[in-house]
Amino acid sequence: MRYAYFLALSLLLSSCAAFQNTPKAPPAPTSQAQEISRDQSNGLPKIGNISVNVRGSPDDAEREIAAQANRAGATYYQIVMLSETVMPGLWYSTAILYGASTATGTQK
């Protein structure tokens with residue numbers, strides 16, 4: 001019994017490390033908005049949120065997010081949620097839009 005308690009406690013504590021992210025630098029800005037991970041969004045100015053409803057596949061929803069991010073003038077975007085709705089083949093996705101880092105002096 002005691003062994004099971006310590007095993008469960010050690011597994012629980014070691015799993016906490018999976019939720020800690022080390023900040024990483026985003027890729028260099030380009031003429032097109034780029035998808036970034038949560039680790040890469042540290043220090044970037046948030047410029048808005050977008051959402052899409054797309055009939056097709058998850059890839060279609062991701063492409064529409066990228067297109068909207070470009071139209072909005074974002075440098076980066078992070079897809080927060082991508083899910084099929086109750087209707088088969090209809091996908092819903094949301095993303096956060098970011099500008100360029102203010103550290104480089106090129107904020108959009």
Side-chain angles (χ1 to χ4, degrees):
M1 177 76 172
R2 184 177 229 165
Y3 176 74
Y5 171 76
F6 285 117
L7 179 63
L9 182 62
S10 65
L11 287 173
L12 178 66
L13 292 175
S14 65
S15 67
C16 290
F19 296 110
Q20 292 191 353
N21 299 329
T22 304
K24 298 175 186 157
T30 63
S31 61
Q32 299 290 314
Q34 300 177 70
E35 184 176 2
I36 59 171
S37 66
R38 183 171 183 249
D39 299 344
Q40 295 171 313
S41 67
N42 188 31
L44 294 175
K46 181 179 171 183
I47 60 172
N49 296 315
I50 55 174
S51 61
V52 298
N53 279 316
V54 177
R55 185 162 300 282
S57 70
D59 291 337
D60 295 325
E62 290 178 3
R63 280 191 289 274
E64 183 59 28
I65 287 285
Q68 282 194 19
N70 284 324
R71 285 193 295 270
T75 305
Y76 305 106
Y77 63 95
Q78 175 194 358
I79 295 178
V80 181
M81 198 258 310
L82 176 63
S83 176
E84 191 170 25
T85 63
V86 186
M87 298 187 63
L90 186 61
W91 291 85
Y92 177 76
S93 183
T94 61
I96 302 171
L97 303 179
Y98 297 96
S101 175
T102 54
T104 61
T106 58
Q107 180 177 354
K108 279 192 171 183

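- Judged by distance alone, with hydrogens and angles left aside, the side-chain atoms of Asn70 form a donor-acceptor pair with the main-chain N or O of Ala33 at under 3.5 Å.
- Contact between Leu44 and Gly99 at its shortest, heavy atoms only, is CD2-O, 3.8 Å.
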For side chain to side chain contact (heavy atoms under 4.5 Å, CB included), just list the numbers for Ile96 and Ser41, CA-CA rounded to whole Å, side-chain angles, deciding distance to a tenth of an Å, and then say yes or no. CA-CA 10 Å; Ile96 302 171; Ser41 67; over 6 Å; no
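- A donor-acceptor pair is defined here as one N or O able to donate and one able to accept, closer than 3.5 Å; such a pair exists between the side chain of Gln40 and the backbone of Ser37.
- Although no hydrogens or angles enter the test, the distance criterion places no donor-acceptor pair under 3.5 Å between the side chain of Gln78 and the main chain of Ala95.
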Check step by step if side chain to side chain contact (heavy atoms under 4.5 Å, CB included) holds for Tyr77 and Ile65. CA-CA 8 Å; Tyr77 63 95; Ile65 287 285; 3.6 Å; yes
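- Atom OH of residue Tyr76 and atom CD1 of residue Ile36 lie 7.0 Å apart, to the nearest 0.5 angstrom.
- Taking a 6.0 Å sphere around CE of Met81, one finds it holds more than 12 heavy atoms contributed by other residues, nucleotides or ligands.
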Show your reasoning for whether side chain to side chain contact (heavy atoms under 4.5 Å, CB included) applies to Ser83 and Trp91. CA-CA 6 Å; Ser83 176; Trp91 291 85; 5.5 Å; no
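- Remark: the backbone N or O of Ser51 is not paired with any side-chain donor or acceptor of Thr94 at under 3.5 angstrom.
- Met87 and Glu84 make their closest contact through O-CG, 4.2 Å (heavy atoms, listed as atom of the first residue, atom of the second, distance).
- Listed by chain and number, the residues in a salt bridge (Lys or Arg N to Asp or Glu O under 4.0 Å) with Lys46 amount to none (sequence neighbours excluded).
- Here Arg63 contributes atom CZ and Ser57 contributes atom OG; the two are 5.5 Å apart, rounded to the nearest 0.5 Å.
- For Arg55 and Glu64, the salt-bridge test fails: no basic side-chain N is under 4.0 Å from an acidic carboxylate O.
- Taking CD1 from Ile50 and OG from Ser93, the interatomic distance works out to 8.0 Å, rounded to the nearest 0.5 Å.
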Show your working on side chain to side chain contact (heavy atoms under 4.5 Å, CB included) between Tyr92 and Leu90 and close with a plain yes or no. CA-CA 7 Å; Tyr92 177 76; Leu90 186 61; over 6 Å; no
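- Residues Thr75 and Gln34 are not in side-chain contact: their nearest non-hydrogen atoms beyond the backbone lie 4.5 Å or more apart.
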